[in-house]
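All remarks here apply to the structure that follows.
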2 protein chains.
Amino acid sequence: MAKDFSYEILEEIAVLSENAKGWRKELNIVSWNERPSKFDLRDWGPDHEKMGKGITLSNEEFEALKKAVTNM
Amino acid sequence: MAKDFSYEILEEIAVLSENAKGWRKELNIVSWNERPSKFDLRDWGPDHEKMGKGITLSNEEFEALKKAVTNM
């Protein structure tokens with residue numbers, strides 16, 4: 001993975017799962033490259049030293065997600 | 001992207017956003033390679049002909065996500 005980017009985990013909201021190797025699927029609030037923070041759903045290695053694939057959500061997208069899941 | 005996989009969108013739960021080019025961020029229930037279906041949060045091109053990055057969630061992970069967001 002290219003290393004010419006930065007990230008800061010501003011808030012750890014929830015750990016959705018953890019596998020035998022210590023990788024966790026997490027919902028966090030993350031700032032990428034010092035840009036405004038977004039909601040971030042992603043796999044992380046132990047101690048957040050490695051990151052896996054994931055998806056970011058804007059505030060509007062997160063609100064839409066929240067609305068959808070609370071109606072299920 | 002490799003084409004030696006199959007997918008079937010079993011249920012379209014919610015469209016979280018749509019950009020000017022018609023790409024949508026969607027929450028769906030998807031079966032990948034004819035395996036048991038999972039929740040899937042992903043960017044899709046118009047008519048689901050192209051897919052972008054995304055993340056899948058097991059039932060347990062989705063329940064954990066639901067619990068987290070409903071408490072926010």
Cluster link A/I55 to B/M51, ILVMFWY, side chain under 4.5 Å: no
Single-linkage hydrophobic cluster B/M72~A/M72, side-chain heavy atoms < 4.5 angstrom: yes
Most contacts with chain B, counted as non-hydrogen pairs under 4.5 angstrom, among A/L41, A/V15, A/L27, A/I13: A/L41
Pair A/F62-B/L16, side-chain contact (heavy atoms from CB on, under 4.5 Å): steps then yes or no: CA-CA 8 Å; A/F62 186 78; B/L16 306 186; over 6 Å; no
Part of B/L65 within contact of chain A (heavy atom distance under 4.5 Å): both
B/V69-A/L57 co-clustered via ILVMFWY side chain contacts under 4.5 Å: yes
Pairs of donor and acceptor atoms, chain B with chain A, under 3.5 Å:
residue, atom, partner, partner atom, Å
B/S17, OG, A/E61, OE2, 2.6
B/K25, NZ, A/T56, O, 2.6
B/K25, NZ, A/E61, OE1, 3.3
B/T56, O, A/K25, NZ, 2.7
B/E61, OE1, A/K25, NZ, 3.3
B/E61, OE2, A/S17, OG, 2.5
B/K66, NZ, A/M72, O, 2.8
B/M72, O, A/K66, NZ, 2.8

